[in-house]
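Input: a single structure, listed below in structure tokens.
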Amino acid sequence: MHRYTTTLRIFAAAAILLLLVLPLPSPAQDPTPDALSDVSRPESSPFATLLETQDTTSLQSLEALHKALSSQEQQVAETQRRLIAAEDDVTRQALGDDLRELREQLKEQRLQFERFALEIDLRPFIDEVDQPFDWQEELSKLLKPILAELESATAESRVIGDLRAELNQVEERKGLAEKAVARLERLLGEGPSVDLRTRLEERLTHWQRIADDTANRYTALDIQLENRLAQRQSVFDETTGYAKRFFQTRGLNLLLAVGAFCAVFFGVRYLSSLVGRLQASKVTAGTARTKFSSRLAALILHVFSVLGGLIAMMLVFNMAGDWFMLGIIIIFLIGVAWASIKTLPSQVETVRLVLNIGAVREGERILFNALPFKVEVLGFRARLVNPRLDGGLQEIPVNALVGHYSRPAGADEEWFPTRTGDWVELADGRMGQVSRQSPSAVHLSELGGEDIVYPTDVFVGLNPRRLSEGFRIVSTFGIDYRHQAIATTEVPERMREKLEQGLPDLIPREHIKAVAVYFQSAAASSLDYEIHVDVAGEAARQTPLIRHAIQRILVDACNDNGWEIPFTQITLHQAPG
């Protein structure tokens, strides 16, 4: 706040100084010396002295305008007299055109004299003729000072370029003329007839003169070009010189324009922050209408901070009469407006998002970059939060959310499939512990110590199976058909008992939640059983060992009970001969 206050005070002081320095409009006075000598008055104040100086300056300016106006009136009268005395149509036409142009100039000078002498707005007293709008003419007026500035900046380079082009043209003419002279001399040396010699000598004299003239012209242009190149500064010196001249002529205007833009921009932004804090202190959870009005006010102030700053810059350049810089600003605004036409639907949706009436709403759940986030704050910048991810806070421009949709989150809906420290099993067969997860990558530490890095969206696409809160191991085992009589009664029970006795040797008994053996199917060469072992999450690290132990324990059960384990049988059928 102190910084903004200091800035505002500086610009206020500068404005006061400018008001004191600039001439104030006052009516012209012409006091007589006698009146001044007869009246005794106290010593003049600085303000009175300033008014007297301004009056003197106004009278001097009016005198200069009066002389120019009188001269113009004399020119009009003289041209009109010559028009009356003209005898031929061509002269009358030319003088008539000159007279119309001089009268237009005289009319403008009279208006200028009236404005300066009366110091009032004369537009209500002038009957202006409505003329059709010509955008090409208006654009040419806008571009004229810019092109003039560019022409001035490149004047030396263009002169050198013109000299080189003309030198090349003269050199070509010089070479052709010399060839013509050589050809004529060679023909004269071959002994032509008297009449032919006379004509050839005449042409030789003509082309010799052309060759001499082009040679002299070439020498003169070459000397001019060498002098120009010798006097020409380096590119760096020319650039710095132009920059120096630019800031000497337009530096103050540019400084004042930038200052005006900053004053309006930061002043409006500061006012916007004050309004936002004031509204935030009044807004409660149920006052949605008040929140909308505060968002609308913030949006209007945000837009006006930029537009108002640009308008302030244009006013400074307009008051300073700097049409070059004013034209640059106007062309920039036209370019921005033209570019904005194609992105208008996106801009409209962005405005709707800022006002919290678009497809994405504050406080709802959104899928951004294939990951779920909560829209915590929605304004000119959006804050997306995922509490399950390291670095799950993202500040992004609100226009990045154009094309996305949000919805209310469920009461118990998870923000990510896993937590840091969870043991998971992926669809690609890998199993490990999540050591770190962020919006960009998930690090999976396998049992052997390897660190596997998955892009977060790829990790989610592999449907991670969480083991940390309990899981079930499913395994299959088969015995031979000769035990078919007890296959559905005695065998499943003994297998279950054997598993309940053997698994506690590997993991604590309290980690084993349930063990079940089911007859699955009568396969081609075996009677198959499906084994379910429900294990607590604390034993997730031993998952591969538990799978191996189930097969080992069931083989031991077969050995203890004399059950045979089948193997794949291949039957060969011999075709009849």
Side-chain angles (χ1 to χ4, degrees), residues 265-266 268-277 279-280 283 285 288 290-307 309-310 335-337 339-410 413-420 434 436-443 453-462 464:
F265 181 82
F266 291 108
V268 175
R269 289 295 176 91
Y270 180 68
L271 177 62
S272 177
S273 64
L274 287 180
V275 172
R277 287 198 293 268
Q279 293 288 346
V283 171
T290 307
K291 291 188 67 175
F292 175 79
S293 62
S294 64
R295 288 175 181 272
L296 182 60
L299 177 63
I300 294 174
L301 291 175
H302 185 85
V303 173
F304 183 75
S305 65
V306 179
L307 293 181
L310 292 174
V336 171
S340 300
I341 293 176
K342 296 182 178 180
T343 60
L344 185 60
S346 175
Q347 299 296 332
V348 172
E349 183 60 27
T350 301
V351 172
R352 289 171 54 85
L353 291 177
V354 172
L355 297 177
N356 201 27
I357 57 175
V360 178
R361 302 293 180 91
E362 194 173 276
E364 294 186 349
R365 180 186 179 103
I366 183 176
L367 275 179
F368 187 75
N369 292 336
L371 298 177
F373 286 93
K374 180 181 179 181
V375 184
E376 191 172 81
V377 175
L378 190 61
F380 296 105
R381 294 186 64 83
R383 184 187 303 163
L384 307 181
V385 177
N386 189 315
R388 287 282 187 88
L389 300 177
D390 300 330
L393 174 64
Q394 295 195 43
E395 294 273 355
I396 58 175
V398 69
N399 57 4
L401 298 181
V402 174
H404 291 76
Y405 302 89
S406 66
R407 61 174 177 82
E413 192 170 6
E414 297 287 354
W415 291 100
F416 199 71
T418 60
R419 295 185 177 92
T420 301
V434 177
R436 187 165 63 255
Q437 56 186 24
S438 68
S440 58
V442 175
H443 293 251
V453 180
Y454 288 94
T456 305
D457 55 341
V458 175
F459 177 82
V460 175
L462 290 175

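Remember, it's a predicted structure, so these values are computed and weren't measured experimentally. Residue indices begin at 1 and follow the sequence shown.
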Could you tell me which residues satisfy side-chain contact (heavy atoms from CB on, under 4.5 Å) with [X], sequence neighbours excluded, listed by chain and number?
X    : answer
V460 : L371, F416, P417
D457 : A370, P455
A400 : I396
F265 : F261, R269, S305, V306

Once rounded to the nearest 0.5 Å, what's the spacing between atom [atom1] of [X] and atom [atom2] of [Y]?
X    : Y    : atom1 : atom2 : result
T420 : Q437 : OG1   : CD    : 4.0 Å
L389 : R419 : CG    : CZ    : 12.0 Å
R361 : R352 : CZ    : CZ    : 7.5 Å
N399 : F380 : CG    : CZ    : 12.0 Å
L378 : I357 : CG    : CD1   : 11.0 Å
L301 : Y270 : CG    : OH    : 14.0 Å

Minimum heavy-atom distance between [X] and [Y], given as atom pair plus value:
X    : Y    : result
V453 : A441 : CG1-CB, 3.8 Å
L462 : Y454 : CD1-CE2, 3.5 Å
F373 : G392 : CE2-O, 3.7 Å

Can you list the residues that meet the salt bridge (Lys or Arg N to Asp or Glu O under 4.0 Å) rule with [X], with sequence neighbours excluded?
X    : answer
E362 : K291, R295
E413 : R365, R407
R381 : none

For this session: Would you please name every residue forming a ring-ring contact (aromatic ring centres under 6.0 Å, His included) with Y405, sequence neighbours left out?
Result: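 Y405: no ring-ring contact (aromatic ring centres under 6.0 Å, His included) contacts found.
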For this session: Can you sort out the partners of F368 under ring-ring contact (aromatic ring centres under 6.0 Å, His included), two or more places apart, ordered by chain and number?
Result: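 For F368 the ring-ring contact (aromatic ring centres under 6.0 Å, His included) partners, ignoring immediate neighbours, are H404.
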Problem set entry | side chain to side chain donor-acceptor pair (under 3.5 Å) against T456, all qualifying residues, sequence neighbours excluded |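 Residues passing side chain to side chain donor-acceptor pair (under 3.5 Å) with T456: none at all.
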For this session: For S438, enumerate each residue passing the side chain to side chain donor-acceptor pair (under 3.5 Å) test, keeping only those at least two apart in sequence or located in another chain.
Result: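 Only S440 meet the side chain to side chain donor-acceptor pair (under 3.5 Å) criterion with S438.
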For this session: Any salt bridge (Lys or Arg N to Asp or Glu O under 4.0 Å) involving residues 391-404? Give me the pairs, sequence neighbours left out, ordered by first then second residue.
Result: R383-E395
Exercise. Can you name the one residue among V351, V360, L353 that meets side-chain contact (heavy atoms from CB on, under 4.5 Å) with V398?
Worked result: L353
Exercise. If we only count heavy atoms from C-beta on, is the L384 to V375 side-chain gap below 4.5 Å?
Worked result: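 Yes, their side chains come closer than 4.5 Å.
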